[in-house]
Amino acid sequence: MTEDILYFDNNATTRIDPRVFEAMRPWLTEHYGNPSSAYSAGRKAHVAIEGARRQVAGALGSRETEIVFTSCGTESINTAILSACSMDPDRRRIITSAVEHSATLKLCDHLARRGYEIIHLGVSREGMLDMDALRDAINSDTALVSLLWANNETGVLFPAAEIAGICRERGVALHLDAVQAFGKLPVPAEILDASFISFSGHKIHAPKGVGALYVNRRTRFTPLLRGSQERGRRGGTENVASIVGMGAAAALGGELVAVEDTAVKEMRDAFENRILETIPDCAVNGNRGHRLPNTTNLSFSGIEAEGALLLLDERGVCCSAGSACTSGSVAPSHVLSAMGLPAEAARASLRFSFGRFNAMEDVLHGASLVGEVIARLRAESPVATASAPVRFA
Ligand code: PLP
């Protein structure tokens, strides 16, 4: 579908799928009963929520009772980590990585101030996790391992099934942040060994303001928000329409994954190849073989990403410098810094993330616009003209 804007920022958020919107519509207009009410309008809303729960569980291969609806991925992450800490208060070590989403990192910073020992596993130059370092970090004091499945900035994948196997063998709780991976990759059955898995609606063509948390039936759990809804696991009157939307999007899961693996991957690869062939002194950040099919993160020597974003925005191209949550700040991305990129290269990087509503002609047109913008910035930039171009190995 051709749009007015060239939207290449699907890791920041996605457009609602029209089928998802149609499923939601009655719950935004006609049916407004509270799902906790005993009369039929309430019961109807309750049934709709249970239908959505079945759809999410079906996409994962879990039991319905293992799915708790939340307000977003961030809430799911906070719930999982804080639950693990409160259920095992004597264990004070949390193992995570240096390249997590800010939802995990900021909560871990907060826990560090309350006496927790936070281990931030490093990554290689390609963004990959060292499994031996994970094994070595797990000790009898470990309350939780909390790791990404797919990195939002580079798309690089951590081996979720292998991580789940290690944590199971060592008897430690695992939280997987599957916010970016869900809907883009098939779900291996092994990851259901995790204690918790976090999901977000707005990354899978459902609306913002809804998420889900998988809580393994063998995991002891304590809620973040207390109340009677969600069987006491998440208080607060349910966001019925959005939960229905999340269910409808999850039910499209197999189709979404197939499209990501074919059309979306083809567009990402065509875009990336066009950029690499036509723009000198640029390089892909992250392992190109172990990545989400929709993401490319590129550094362009001699530019500041913030300037590129402004010029691209003028041309209708939406993309990101670092993650959306930290854009607007000039600090280099913590993910690229953890991968060992010099600050200069990290500040010169842009993330493009494609989706099912992009079209190949728009993607290739976008690649030409990126070429124009980079050439203009380099021509104007004192950095680019005064110093030799930086090489990004
Ligand atoms: N985890 C990852 C990997 C993400 O990319 C994001 C959002 O960008 C989140 C968590 C937070 O999800 P939400 O925006 O639903 O709070």
Side-chain angles (χ1 to χ4, degrees), residues 7-16 20 56 67-82 96-109 120-121 123 127 129 145-158 160 163 174-185 187 191 194 196-214 224-225 234 236 239 242-243 245-246 249-250 260 286 290-297 318-329 333-336 338 351-355:
Y7 187 76
F8 304 153
D9 207 13
N10 284 270
N11 288 6
T13 196
T14 57
R15 174 181 177 157
I16 296 182
V20 168
V56 174
I67 304 299
V68 178
F69 286 112
T70 65
S71 67
C72 57
T74 301
E75 185 191 323
S76 298
I77 291 168
N78 275 257
T79 304
I81 296 177
L82 291 172
T96 186
S97 85
V99 297
E100 298 297 305
H101 187 267
S102 58
T104 300
L105 292 177
K106 298 252 183 222
L107 178 58
C108 286
D109 289 350
H120 292 99
L121 299 173
V123 292
L129 195 66
V145 172
S146 181
L147 290 169
L148 281 166
W149 179 1
N151 189 282
N152 45 303
E153 293 193 29
T154 58
V156 172
L157 305 177
F158 285 172
I163 292 169
L174 168 67
H175 163 245
L176 274 179
D177 175 351
V179 165
Q180 290 293 344
F182 190 51
K184 298 185 186 126
L185 299 173
V187 179
I191 71 161
F196 304 101
I197 312 178
S198 291
F199 307 97
S200 175
H202 73 105
K203 311 289 185 181
I204 58 165
H205 303 284
K208 295 160 192 64
V210 63
L213 179 65
Y214 163 81
L224 180 65
L225 297 184
R234 200 276 184 182
N239 181 350
S242 293
I243 289 173
M246 175 123 193
E260 290 279 333
H290 292 94
R291 274 191 298 181
L292 288 174
N294 77 323
T295 309
T296 178
N297 187 308
C318 307
C319 63
S320 278
S323 63
C325 306
T326 53
S327 65
S329 89
S333 137
H334 69 283
V335 174
L336 299 180
R351 175 190 73 184
F352 301 90
S353 47
F354 302 96

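Positions are given from 1, in the same order as the sequence printed here. Read the numbers this way: they start at 1 and go in the same order the structure lists the ligands and their atoms. Since we're looking at a predicted model, the values are computed, not measured.
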Which value, rounded to the nearest 0.5 Å, describes the distance between [X] atom [atom1] and [Y] atom [atom2]?
{"X": "Thr14", "Y": "Lys184", "atom1": "OG1", "atom2": "NZ", "value": "8.0 Å"}
{"X": "Thr295", "Y": "Asn10", "atom1": "OG1", "atom2": "CG", "value": "9.0 Å"}
{"X": "Phe199", "Y": "Leu176", "atom1": "CZ", "atom2": "CG", "value": "8.5 Å"}
{"X": "Glu100", "Y": "His120", "atom1": "CD", "atom2": "NE2", "value": "8.5 Å"}

Within-cut-off N or O pair, Asn11 and ligand 1, under 3.5 Å: no
Output yes when the distance from some N or O of ligand 1 to some N or O of Gly73 is under 3.5 Å, and no in every other case. yes
Go through ligand 1 atom by atom and flag the ones less than 4.0 Å from a non-hydrogen atom of [X].
{"X": "Leu148", "result": "3 (C)"}
{"X": "Lys203", "result": "6 (C), 7 (C), 8 (O)"}
{"X": "Cys72", "result": "15 (O), 16 (O)"}
{"X": "Asp177", "result": "1 (N), 2 (C), 3 (C), 10 (C)"}
{"X": "Ser200", "result": "13 (P), 15 (O)"}

Checking heavy-atom distances from atom 9 (C) of ligand 1 to each of His101, Gln180, His202, the winner is His101
Decide whether Asn297 and Thr154 meet the rule of one side-chain donor and one side-chain acceptor closer than 3.5 Å. no
For ligand 1, the portion of [X] having any non-hydrogen atom under 4.0 Å away:
{"X": "Lys208", "value": "neither"}
{"X": "Thr104", "value": "neither"}
{"X": "Asn151", "value": "neither"}

Quick one: list whatever passes side-chain contact (heavy atoms from CB on, under 4.5 Å) with Lys106, sequence neighbours left out. Ser102
Do the side chains of Phe69 and Met246 get nearer than 4.5 Å, heavy atoms only? yes
Flag the pair Cys72 / Lys208 as yes when at least one side-chain heavy-atom distance between them is below 4.5 Å, and no otherwise. no
Glu75 to ligand 1, any heavy atom closer than 4.0 Å: no
